[in-house]
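Here the structure comes first, spelled out in structure tokens, and everything after it is commentary.
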Amino acid sequence: EKRARAVRLAHELTGARAANPDLTISIIALSAGTAVTAFALEALPAGIEVDQVVFLSGSLSQDYDLAPALQHIRGKLTCFTSRADLVLGV
């Protein structure tokens, strides 16, 4: 399900960038949406980038390789977690 949603998001991002190359695209993702966003970024065609990404209470493993996703971000990927997050158990 996450991968299917990621493909749809990648398609939407590609269309948005193609329609307006100067559009600022920022993504804020929460919990499972962080995985969908990472997978979507990985699925983007070469040369398609977003401007910045913020992950809140991410659901990706600390060992997950974000390098392929980072190639599609012009600016920064910022991640926020909390020691009080009961789901993550941080």
Side-chain angles (χ1 to χ4, degrees):
E1 169 104 17
K2 288 180 188 175
R3 294 281 180 178
R5 289 183 180 190
V7 169
R8 289 194 302 269
L9 177 57
H11 180 73
E12 290 178 25
L13 292 170
T14 300
R17 180 59 71 210
N20 188 348
D22 296 325
L23 179 69
T24 298
I25 300 176
S26 301
I27 300 172
I28 300 173
L30 172 67
S31 192
T34 61
V36 172
T37 300
F39 301 157
L41 291 170
E42 293 169 4
L44 290 174
I48 301 295
E49 299 174 326
V50 300
D51 295 284
Q52 60 186 356
V53 177
V54 177
F55 283 174
L56 305 170
S57 298
S59 65
L60 291 166
S61 164
Q62 67 183 9
D63 298 323
Y64 189 81
D65 182 9
L66 286 168
L70 292 172
Q71 294 177 6
H72 296 280
I73 303 173
R74 290 181 183 166
K76 295 181 180 181
L77 167 63
T78 306
C79 300
F80 291 96
T81 60
S82 171
R83 294 186 190 282
D85 190 325
L86 299 177
V87 175
L88 293 177
V90 177

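Interatomic distance, Leu41 CG to Ile27 CD1, rounded to the nearest 0.5 Å: 5.0 Å.
Val50 is not connected to Val54 by any chain of hydrophobic side-chain contacts under 4.5 Å among Ile, Leu, Val, Met, Phe, Trp and Tyr, and they are in different clusters.
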Identify all side-chain donor-acceptor contacts of residues 7-22 below 3.5 Å with residues at least two apart in sequence or on another chain.
from, atom 1, to, atom 2, distance (Å)
Thr14, OG1, Ala10, O, 2.8
Arg17, NE, Glu49, O, 3.1
Arg17, NH1, Pro21, O, 3.1
Arg17, NH1, Leu23, O, 2.5
Arg17, NH2, Leu23, O, 3.4
Arg17, NH2, Glu49, O, 3.0
Arg17, NH2, Asp51, OD2, 3.3
Asn20, OD1, Asp22, N, 3.2
Asn20, OD1, Leu23, N, 3.4

Side-chain donor-acceptor contacts of residues 62-70 below 3.5 Å, not counting sequence neighbours, with atom names and distances?
from, atom 1, to, atom 2, distance (Å)
Tyr64, OH, Glu42, OE1, 3.1
Tyr64, OH, Glu42, OE2, 2.5
Asp65, OD1, Ala67, N, 3.0

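Partners of Ser26 by side-chain hydrogen bond (donor to acceptor under 3.5 Å, both in side chains), not counting sequence neighbours, listed by chain and number: Gln52. Every residue two or more places apart in sequence or in another chain that forms a side chain to side chain contact (heavy atoms under 4.5 Å, CB included) with Lys2 is listed here: Ala32, Ala35, Val36, Phe39, Ser59. Residues passing the side chain to side chain contact (heavy atoms under 4.5 Å, CB included) test with Leu30, sequence neighbours excluded: Leu56, Ser57.
Of all non-hydrogen atoms in Gly58 and Thr34, the two that sit nearest each other are CA-OG1, 3.3 Å.
Residues Thr78 and Phe55 are not in side-chain contact: their nearest non-hydrogen atoms beyond the backbone lie 4.5 Å or more apart.
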